[in-house]
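Each chain gets a letter, A, B and so on, in the order the sequences are listed, and its residues count up from 1. Computed over heavy atoms, backbone and side chain alike; hydrogens, waters and symmetry mates excluded.
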Amino acid sequence: EVQLLESGGGLEQPGGSLRLSCAASEFTFSSYGMSWVRQAPGKGLEWVSSISTNGVTTYYADSVKGRFTISRDNSKNTLFLQMNSLRADDTAVYYCAKGGVAARHFHYWGQGTLVTVSS
Amino acid sequence: DIQMTQSPSSVSASLGDRVTITCRASQGISSWLAWYQQKPGKAPKLLIYAASSLQSGVPSRFSGSGSGTDFTLTISRLQPEDFATYYCQQTNSFPLTFGGGTKVEIK
């Protein structure tokens, strides 16, 4: 069964940085686009970013463009999200998801990692 | 950006009931729509993609229909495990956008 395991969340001050990781297994990672989707406490789902299979093409929500960078290491079956200039409204559970590029629905989701931005 | 509007925001229903959730796109998206189920404290789960294609392993009591701007998710006979929040998502174009969610509660 597909496994997606996020890590790297935590408490960070406004203006700070965090790097999220998502370790993928039980599928051919390099064959699928990958994405990050977030959910603020008690709120709905918000797409954040997607990346193509080879990492060349990336997409971002306007709310994170210029601050967040998505990347992947196909040799390590790992997806990343570098988050800079963090703001309070970035506080959310961040989910790693399989899909979102060629087929723009999300087949499988990780369990999520909580990012809290607060002083 | 394509706005997705779900209705109702919540619905109370009994076991065995038929439940219908509606999702409207702010512009035509053909059949590029997915539906997800999310239970409290858990990740979302894909139910339907391409408006009406059932994801593998999802019970057949779930069905999706629609095209263009208007879509529906139907649960034919509500089961205890179906009490959850449901989200639609347009898969037509970036930025990818979700509806606000519909919470299905026990009556």
(request) Identify which part of Ala34(B) has an atom lying under 4.5 Å from any heavy atom of chain A, answering side chain, backbone, both or neither. (result) side chain
(request) For chain B, find which of Tyr59(A), Tyr108(A), Tyr60(A) contributes the most heavy-atom pairs closer than 4.5 angstrom. (result) Tyr59(A)
(message) I'd like to know whether His105(A) forms a side-chain contact (heavy atoms from CB on, under 4.5 Å) with Trp32(B), so could you lay out the CA-CA distance, the side-chain angles of the two residues, the decisive distance to 0.1 Å, and finally the verdict.
(response) CA-CA 9 Å; His105(A) 52 270; Trp32(B) 299 114; over 6 Å; no
Looking only at heavy atoms and a cut-off of under 4.5 Å, which of [options] has the most pairs with chain A?
options	result
Tyr49(B), Tyr87(B), Phe94(B)	Phe94(B)
Gly101(B), Gly41(B), Pro44(B)	Pro44(B)
Pro40(B), Ala50(B), Ser56(B), Ala43(B)	Ala43(B)
Leu46(B), Thr97(B), Leu96(B)	Leu96(B)

(request) For Gln89(B) and Arg104(A), indicate whether the former's side chain and the latter's backbone hold a donor-acceptor pair under 3.5 Å. (result) yes
(request) Could you tell me whether the side chain of Tyr36(B) and the main chain of Phe106(A) form a donor-acceptor pair under 3.5 Å? (result) yes
(message) Using side-chain heavy atoms (C-beta onward) and a distance below 4.5 Å, is Gln39(A) in contact with Gln38(B)?
(response) yes
(request) Would you mind reporting whether Asp62(A) and Pro95(B) have side-chain heavy atoms less than 4.5 Å apart? (result) no
Is there a path of hydrophobic side-chain contacts, each under 4.5 Å between heavy atoms of I/L/V/M/F/W/Y residues, joining [Y] to [X]?
X	Y	result
Leu45(A)	Met4(B)	no
Leu33(B)	Val58(B)	yes
Leu47(B)	Phe71(B)	yes
Leu15(B)	Tyr86(B)	yes
Val101(A)	Ile29(B)	no

Counting only heavy atoms not in [X] (residues, nucleotides, ligands), do more than 12 fall under 6.0 Å from its [atom1]?
X	atom1	answer
Arg18(B)	CZ	no
Phe68(A)	CZ	yes
Arg67(A)	CZ	yes

(request) Heavy-atom distances under 4.5 Å only: say whether Ser49(A) touches chain B with side chain, backbone, both or neither. (result) neither
(request) Answer with side chain, backbone, both or neither: which region of Val37(A) has an atom nearer than 4.5 Å to a non-hydrogen atom of chain B? (result) side chain
